[in-house]
> 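Questions regarding the structure given below will be posed in turn.
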Amino acid sequence: MSKTHPLGIDVGGTGIKGAPVDLDKGEFAADRMRVATPSESTPDAVAEVIEQIAENFAEQTDGQPIGITLPAVVTHGIVRTAANIDSSWIGTNVEELLSDRLGRAVTVVNDADAAGVGELHYGAARNNDGLVLVSTLGTGIGSALLNDGALVPNSELGHLEIDGHDAESKAAESARERDDLSWDKWAERLQRYFSHIEDLLWPDLIVVGGGVSKKADKFLPQLHLRAPIVAAQLQNAAGIVGAAWLADHAVNSNGHHS
Ligand code: BGC
């Protein structure tokens, strides 16, 4: 039988996407599967979709762990916030729920943290000592802080209060669409956002991810920051790849997963 791989699954507001990940290359080992997020995105409804995806890749991922991202703070397997998902997730021990249901080791992680880990090992944050901020611009703003290659989880820098507003409500990609902003106008908001972060954290590198990073040439050149600011390289694959990496690491680093 051919080599099996860990499975990465990215749970988003509109789609739930998964693929087996070849960790030698940081690439999908098979075509990604996408299922629309159930309109009532409760833990049970989402678990059902995750089960479908796991079954679809049963052969390619046999005996391997599963890494799952959520757009939420996750500490010790328990969901703590729900800014853009159903509030019934809060307090759920998702790692327990899903590993019982799937009969596999499951690691659950914040979506931006997973993307950050993907970029750290295979993308734009590779070979960077010091402090790297990976910022995902989408429905919300996610953040991953990587210090000398170590993830500081759940940094939630999208919710900094800036000029009296929750920053993501003004500077996320969804705010650009909602307010019908030109790239230049949106770049002004991003300038305000990233320069505030720079004053607090002094990162050595800023990596911008999320679907809009494909169009980075439309807004990154307008930004003037102390640190270099670059587009993510794995784009929408980063979360799936990072989740699979973390799941594999959780199983193989200490013989058990938390
Ligand atoms: C959530 C974060 C998440 C980000 C991107 C924010 O609203 O609070 O946990 O990483 O959106 O999905």
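Both counts, for ligands and for their atoms, begin at 1 and track the order of listing.
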> Please answer whether the main-chain N or O of Thr92 pairs with a side-chain N or O of Glu96 as donor and acceptor at a distance below 3.5 Å.
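Here the side-chain-to-backbone pair does not exist.
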
> Rounded to the nearest 0.5 Å, what's the gap from CZ on Arg104 to CD on Gln64? Could you check?
8.0 Å

> Give the atoms of ligand 1, by number and element, whose distance to some non-hydrogen atom of Ala83 is under 4.0 Å.
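Here the atoms of ligand 1 in question are 7 (O), 8 (O).
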
> Under 4.5 Å between side-chain heavy atoms, hopping through other hydrophobics if needed: is there a path connecting Val207 to Leu120?
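Val207 clusters together with Leu120.
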
> Please list, in number order, the atoms of ligand 1 under 4.0 Å from a heavy atom of Asn110.
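Under 4.0 Å from Asn110, ligand 1 has these atoms: 2 (C), 3 (C), 9 (O), 10 (O).
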
> Side chains of Asp86 and Ser88: is there a donor and an acceptor less than 3.5 Å apart?
yes

> Going by the atom numbers of ligand 1, which of them fall below 4.0 Å from some non-hydrogen atom of Pro71?
1 (C), 9 (O), 12 (O)

> Rounded to the nearest 0.5 Å, what separation is found between the OG atom of Ser143 and the CG atom of Leu201?
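Taking OG in Ser143 and CG in Leu201, the distance rounds to 9.0 Å.
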
> Flag yes if Val251 and Leu23 sit in one hydrophobic cluster, no otherwise; membership is Ile, Leu, Val, Met, Phe, Trp, Tyr, and two members link when side-chain heavy atoms are under 4.5 Å apart.
no

> Side chain, backbone, both or neither: which applies to Ser143 and ligand 1 if a contact is any heavy-atom pair less than 4.0 Å apart?
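Answer for Ser143: neither.
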
> Ile141 heavy atoms, cut-off 4.0 Å: which ligand 1 atoms fall inside?
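Within the 4.0 Å cut-off of Ile141, ligand 1 contributes 4 (C), 6 (C), 11 (O).
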
> Do me a favour and list the nearest non-hydrogen protein atom to atom 9 (O) of ligand 1 with residue, atom name and distance?
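Nearest protein contact, heavy atoms only, for atom 9 (O) of ligand 1 is Glu156 OE2, 2.5 Å.
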
> Under 4.0 Å from a heavy atom of Glu168: give me the atoms of ligand 1 that qualify, with their elements.
6 (C), 7 (O), 11 (O)

> So, does Glu119 use its side chain to make a donor-acceptor pair with the main chain of Ala124 at under 3.5 Å?
yes

> Is the shortest distance from a heavy atom of Ala72 to ligand 1 less than 4.0 Å?
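So Ala72 counts as touching ligand 1.
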
> Nearest protein heavy atom to atom 3 (C) of ligand 1, by residue and atom, and its distance?
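So the nearest neighbour among protein heavy atoms is Asp111 OD1, 3.3 Å.
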
> For a quick check under 3.5 Å, do Asp10 and Thr69 share a side-chain donor-acceptor pair by atom type?
yes

> Relative to the heavy atoms of His159, which atoms of ligand 1 are at a distance of less than 4.0 Å?
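With His159 as reference, the close atoms of ligand 1 come out as 1 (C), 6 (C), 7 (O), 8 (O).
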
> Looking at Gly142, which atoms of ligand 1 are within less than 4.0 Å of one of its heavy atoms?
4 (C), 5 (C), 10 (O)

